[in-house]
A.B. asks: 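One structure, pasted below without further comment.
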Amino acid sequence: QVQLVESGGGLVQAGGSLRLSCAASGRTFSRYAMGWFRQAPGKEREFVAGISWSGSRTYYADSVKGRFTISRDNAKNMVYLQMNSLKPEDTAVYYCAADAHPATALQVTTTLGAYDYWGQGTQVTVSS
């Protein structure tokens, strides 16, 4: 019932920017903590950024701090990932995910197992 669809990926040169979007449908989206994960070829899926259902708390992987910004618009059922100063090591398939059971309005979880719903992913390729 809960569906997530990512968009906005593409090819960009190092130092460039992209904005990923995640469109969500289903019940109680406004109370889902949301996250972005990525998976590069031959590597495991890793946490990138997360945001509490209230939007008041965010958390970032060390590798993207200062470069990426996660945000949400609950009225539009949308989550975004603004990616600036992109590096070749950012190349991966990026996935939007929803945690349907956050403990509090400020909860952000970084582990794969905490997320209940996943999009199909969007490819981001950064050339050097």
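Residues take their numbers from the sequence shown, with the count starting at 1.
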A.B. asks: Would you please name every residue forming a side chain to side chain contact (heavy atoms under 4.5 Å, CB included) with Val124, sequence neighbours left out?
C.D. replies: Leu18, Leu20, Met83, Tyr94, Val126
A.B. asks: Among pairs that include at least one residue of residues 102-128, which meet ring-ring contact (aromatic ring centres under 6.0 Å, His included), considering only residues two or more places apart or in two chains?
C.D. replies: Phe37-Tyr115, Phe37-Trp118
A.B. asks: Under the rule for side-chain hydrogen bond (donor to acceptor under 3.5 Å, both in side chains), what residues qualify as partners of Gln120, not counting sequence neighbours?
C.D. replies: none
A.B. asks: Not counting sequence neighbours, list each pair that qualifies as a disulfide (SG to SG under 2.5 Å) and has a residue in residues 84-128.
C.D. replies: Cys22-Cys96
A.B. asks: Give me the atom names and distance for the closest heavy-atom approach of Thr109 to Phe47.
C.D. replies: O-CE1, 3.8 Å
A.B. asks: How about Trp36 and Val79: do any of their side-chain heavy atoms sit closer than 4.5 Å?
C.D. replies: yes
A.B. asks: Return the CE to CG distance between Met34 and Leu4, rounded to the nearest 0.5 Å.
C.D. replies: 5.0 Å
A.B. asks: Among all residues two or more places apart in sequence or in another chain, which pass the side-chain hydrogen bond (donor to acceptor under 3.5 Å, both in side chains) test with Thr110?
C.D. replies: none
A.B. asks: Should side-chain heavy atoms under 4.5 Å link Ile, Leu, Val, Met, Phe, Trp and Tyr, which residues sit in the same cluster as Leu106?
C.D. replies: none
A.B. asks: Does anything in residues 10-24 pair up under side-chain hydrogen bond (donor to acceptor under 3.5 Å, both in side chains), and if so which pairs, sequence neighbours excluded?
C.D. replies: Ser17-Asn84
A.B. asks: Residues in side chain to side chain contact (heavy atoms under 4.5 Å, CB included) with Gln3, at least two apart?
C.D. replies: Ser25
A.B. asks: Mind jotting down which residue pairs meet the side-chain hydrogen bond (donor to acceptor under 3.5 Å, both in side chains) criterion with at least one end in residues 64-75? Sequence neighbours excluded, please.
C.D. replies: Asp62-Lys65, Arg67-Asp90, Arg72-Asn74
A.B. asks: With sequence neighbours left out, what residues match Ser52 under side-chain hydrogen bond (donor to acceptor under 3.5 Å, both in side chains)?
C.D. replies: Ser54
A.B. asks: State, yes or no, whether a side-chain contact exists between Val64 and Arg38 at a heavy-atom distance under 4.5 Å.
C.D. replies: yes
A.B. asks: For Ser128, enumerate each residue passing the side chain to side chain contact (heavy atoms under 4.5 Å, CB included) test, keeping only those at least two apart in sequence or located in another chain.
C.D. replies: Pro88
A.B. asks: Please identify each residue that fulfils side chain to side chain contact (heavy atoms under 4.5 Å, CB included) with Ala40, with sequence neighbours left out.
C.D. replies: Lys43, Ala92
A.B. asks: Could you measure the distance from the CG atom of Leu11 to the CD atom of Gln123? Nearest 0.5 Å is fine.
C.D. replies: 9.5 Å
